[in-house]
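Below, each value reflects all heavy atoms present in this structure, side chains not excepted, and no hydrogens, waters or symmetry copies.
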Amino acid sequence: MSGDSDCTRTSPSAGSPSDNELLPDRPKYVCSLSPDLITKAREELQEKPEWRLRDVQALRDMVCKDYPSLGTCLDDAFLLRFLRARKFDYDRALQLLENYYTCRRSWPEVFNNLKPSAIKPVLESGFVTVLPRLDPEGRHIVCIRPDRWTPSNYPITENIRAIYLTLEKLIQSEETQVNGIVILADYKGVSLSKASHFGPFVAKKVIGILQDGFPIRIKAVNIINEPRIFKGIFAIIKPFLKEKIANRFFLHGCDLNSLHQNIPPVILPEEYGGTSGKLDISAWNELLLASEEDFLHDFSQLVLPCDSSPHDMLVSGDADEKQCDDSLRGMKPQLYYCY
């Protein structure tokens, strides 16, 4: 992968067919999308294959001009993730890229020593996994089960690390970049004491990453088996959600028929009224753990500057933490009421 040193090179003219030839140390991009997905990317993301490398070069030039010390990878395939996530709007893609690194710098408890082997206990608990089959829209289903977490074993940040690495692995696929993902969250057995760990400070940071700091398209969030306390949890989350994302939340309660209207039973495990057998977490765990070297290489490229400031990020420092702690104290009576 290429780092910030690429910015010191003379960039070829945008759209030149010899872009990759002039930079032999940068992997040449080869599109892996099917004809149908190329059409979908054109219609939904404004991605034009004939302009793709020109668009990537334009973003690369902007990075080198505006953030020469960002320390980012400048490979075509990597930058394409951000362009697709922001429908090829250069300015918004650049902001997302900066936010991506700002998030990493601002939350060391999550991003230090971030590798699959470091979160093996979370994976083994089954807190987060990916179902083996895609939905009819070609989207992976990320299954999150908070009841599998025992707070006395490790802090909530370990769960966030596991979710982040799962998303990092998924977004390597061009199909996922175009189709997005679906989240299935099972809140069965979530108690008041466990919910209290997910206060406004953590909620704000997590949502800031998912909405503004990571190049992935979250197409739906399906909540099942949510207890009454979830009203309080959602009250904490909702102020930080953009309207578009908030409208993609579907609360099904214990109604599996309602869930099956969004996710067909044929791809769901038996635990959720599906026909694909018992939920098996081993395949995804093995895949993620086998990617250890890839993550070590990718994350070793990060050179996070200390003097850059985020723009409009939902990630900040001690002042926000104090404000969120005050908000949590105000939320606790509502949590107890819902419980």
Side chain to side chain, Pro151 and Trp149, heavy atoms closer than 4.5 Å: yes
Spatial distance of atom CG (Asn99) from atom CD (Gln211) [nearest 0.5 Å]: 11.5 Å
Kindly write out the residues that satisfy ring pair (Phe, Tyr, Trp, His ring centres under 6.0 Å) with Tyr187, not counting sequence neighbours, or none if the list is empty. Phe230
Under 3.5 Å, is there a donor-acceptor pair linking the side chains of Asp36 and Ser34? no
Please determine, by modelled atom types, if Thr157 and Glu109 share a side-chain donor-acceptor pair under 3.5 angstrom. no
Leu74 side, atom CG; Leu79 side, atom CG - distance, nearest 0.5 Å: 5.5 Å
If you count the non-hydrogen atoms of other residues, nucleotides and ligands that lie under 6.0 Å from NZ in Lys238, is the total more than 12? no
Do you reckon Phe127 sits in the same ILVMFWY cluster as Leu289, going by side-chain contacts under 4.5 Å, direct or chained? yes
Taking atom types as modelled and ignoring hydrogens, do the side chains of Asn285 and Lys120 form a donor-acceptor contact shorter than 3.5 angstrom? no
Parallel, tilted or perpendicular for Phe78 and Tyr101, by the 30°/60° rule? tilted
CD of Glu243: more than 12 outside heavy atoms within 6.0 angstrom? no
Assess whether side chain to side chain contact (heavy atoms under 4.5 Å, CB included) is satisfied between Leu210 and Leu167, documenting all intermediate values. CA-CA 10 Å; Leu210 295 180; Leu167 298 182; 3.6 Å; yes
Does the side chain of Asp186 come under 3.5 Å of the side chain of Asn225 through a donor N or O and an acceptor N or O? yes
Looking only at side chains, do Thr150 and Ser152 share a donor and an acceptor under 3.5 Å apart? no
Residues in ring pair (Phe, Tyr, Trp, His ring centres under 6.0 Å) with Phe111, at least two apart? Tyr164
Heavy-atom side-chain proximity of Leu279 to Glu270 below 4.5 angstrom: no
Could you tell me whether the side chains of Gln95 and Arg92 share a donor-acceptor contact shorter than 3.5 Å? no
